[in-house]
Amino acid sequence: MLGELTAALDSEPLDATRADYAAAIVDANCLSKPTSSTRRLTNQRLGELYALDASVPIFRVLRRLWSIDDQGRPLLALLCALARDPLLAATASAVIPLPHGAEFLRGPLKSALCAAVGTRLNESILSKVVRNAASSWTQSGHLQGRTLKTRQLVRATPASVAFALWLAYAAGFRGEELLTSGWIAVLDCSLLAARELALGAKRLGLIDLRIAVDVFEVGLDRLDPWRTRS
């Protein structure tokens, strides 16, 4: 839902509330949906994936980085969605390890989902989730093509690496483990590339960082300045 998220965030200021976004999507129809039911459904789904609520830390960080990194927006959106949607997260193991140029097959993605949910989804729902997940990975740039999809390497940005570090820290990673977590892997970053992009994020004033021979210390409070005001 990258297009819908972009339009929703463009319609409201940084400090907009969940009610503001709902009004923009449902009442003002900022996403140009044809019916009231599709507007309500889109509002619900965007809220599930991205919160659209300034009281939610992950959305505050996403919203701040979104406003300064046009190039990295597909990756920022994907990282947030992975953190909030366990079904999408379950499909990462079928996409991220694929080498560049490899054909994407729906079978392994379906198997990854089944391993996560067991028999809780019937065949029809499972097929829909597979299609939606494949679309999400295509919008993020990890897959390319329509009928035949192939794995592409994405290009991380300092802001997307900063967000990945924030998510990894929230998940309990510390030190250099932050640079080798699954969140960084989603960005197709090597350890060296992640270090360089983290330094870029420091230069942009997004994070605090100290790197020595055996030291990797990161401060992430700058990503959520609103937290210290509440």
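At least one side-chain heavy atom of Ile96 sits less than 4.5 Å from a side-chain heavy atom of His142. Side-chain atoms of Thr180 and Phe173, non-hydrogen and from C-beta on, never get closer than 4.5 Å to each other. Inter-residue side-chain proximity for Cys80 and Leu49 is flagged as unmet; no heavy-atom pair is nearer than 4.5 Å. Taking the side chain as every heavy atom from C-beta outward, Leu113 and Leu121 never approach each other to under 4.5 Å. For the pair Leu148 and Phe104, the minimum side-chain heavy-atom distance is 4.5 Å or more.
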Side chain to side chain contact (heavy atoms under 4.5 Å, CB included), that's the test. Do Thr17 and Leu52 meet it? Break it down for me. CA-CA 7 Å; Thr17 66; Leu52 300 185; over 6 Å; no
For residues 87-94, run the donor-acceptor check on the side chains, cut-off 3.5 Å, and write out each pair with its distance to 0.1 Å, sequence neighbours left out.
| unit_1 | atom_1 | unit_2 | atom_2 | d |
| --- | --- | --- | --- | --- |
| Thr91 | OG1 | Leu88 | O | 2.6 |
| Thr91 | OG1 | Trp137 | NE1 | 2.8 |

Distance-only criterion, 3.5 Å: show the donor-acceptor pairs between side-chain atoms of residues 152-167 and protein atoms not counting sequence neighbours.
| unit_1 | atom_1 | unit_2 | atom_2 | d |
| --- | --- | --- | --- | --- |
| Gln152 | NE2 | Thr150 | OG1 | 3.1 |
| Thr157 | OG1 | Asp69 | OD2 | 2.6 |
| Thr157 | OG1 | Ser160 | N | 3.1 |
| Thr157 | OG1 | Ser160 | OG | 3.1 |
| Ser160 | OG | Thr157 | N | 2.8 |
| Ser160 | OG | Thr157 | O | 2.9 |

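Side chain to side chain, Gln139 and Ser135 meet the donor-acceptor criterion of an N or O pair below 3.5 Å. In summary, the side chains of Ser124 and Ser127 do not present any donor paired with an acceptor at a separation below 3.5 Å, with no hydrogens or angles considered.
A salt bridge links Glu123 with Lys110: the closest approach of a Lys/Arg side-chain nitrogen to an acidic carboxylate oxygen falls below 4.0 angstrom. Comment: Arg222 engages Asp208 in a salt bridge, judged by a side-chain N to carboxylate O separation of less than 4.0 angstrom. The existence of a salt bridge linking Arg45 and Asp85 is confirmed by a sub-4.0 Å separation between a basic side-chain nitrogen and an acidic carboxylate oxygen. For the pair Glu4 and Lys33, the salt-bridge criterion is met [side-chain N within less than 4.0 Å of a carboxylate O].
With sequence neighbours left out, Ser55 forms a side-chain contact (heavy atoms from CB on, under 4.5 Å) with Asp53.
A donor-acceptor pair under 3.5 Å is formed between the side chain of Arg174 and the backbone N or O of Tyr169. The backbone N or O of Glu217 sits nowhere less than 3.5 Å from a side-chain atom of Arg210 that would complete a donor-acceptor pair. Judged purely by atom type and a 3.5 angstrom limit, Arg73 has no side-chain atom pairing as donor or acceptor with the backbone of Leu2.
The side-chain tip of Arg84 does not point at the ring of Tyr50 from less than 6.0 angstrom away and within 45° of straight on.
With values rounded to the nearest 0.5 angstrom, Leu62 atom CG is found 11.5 Å from Leu223 atom CG.
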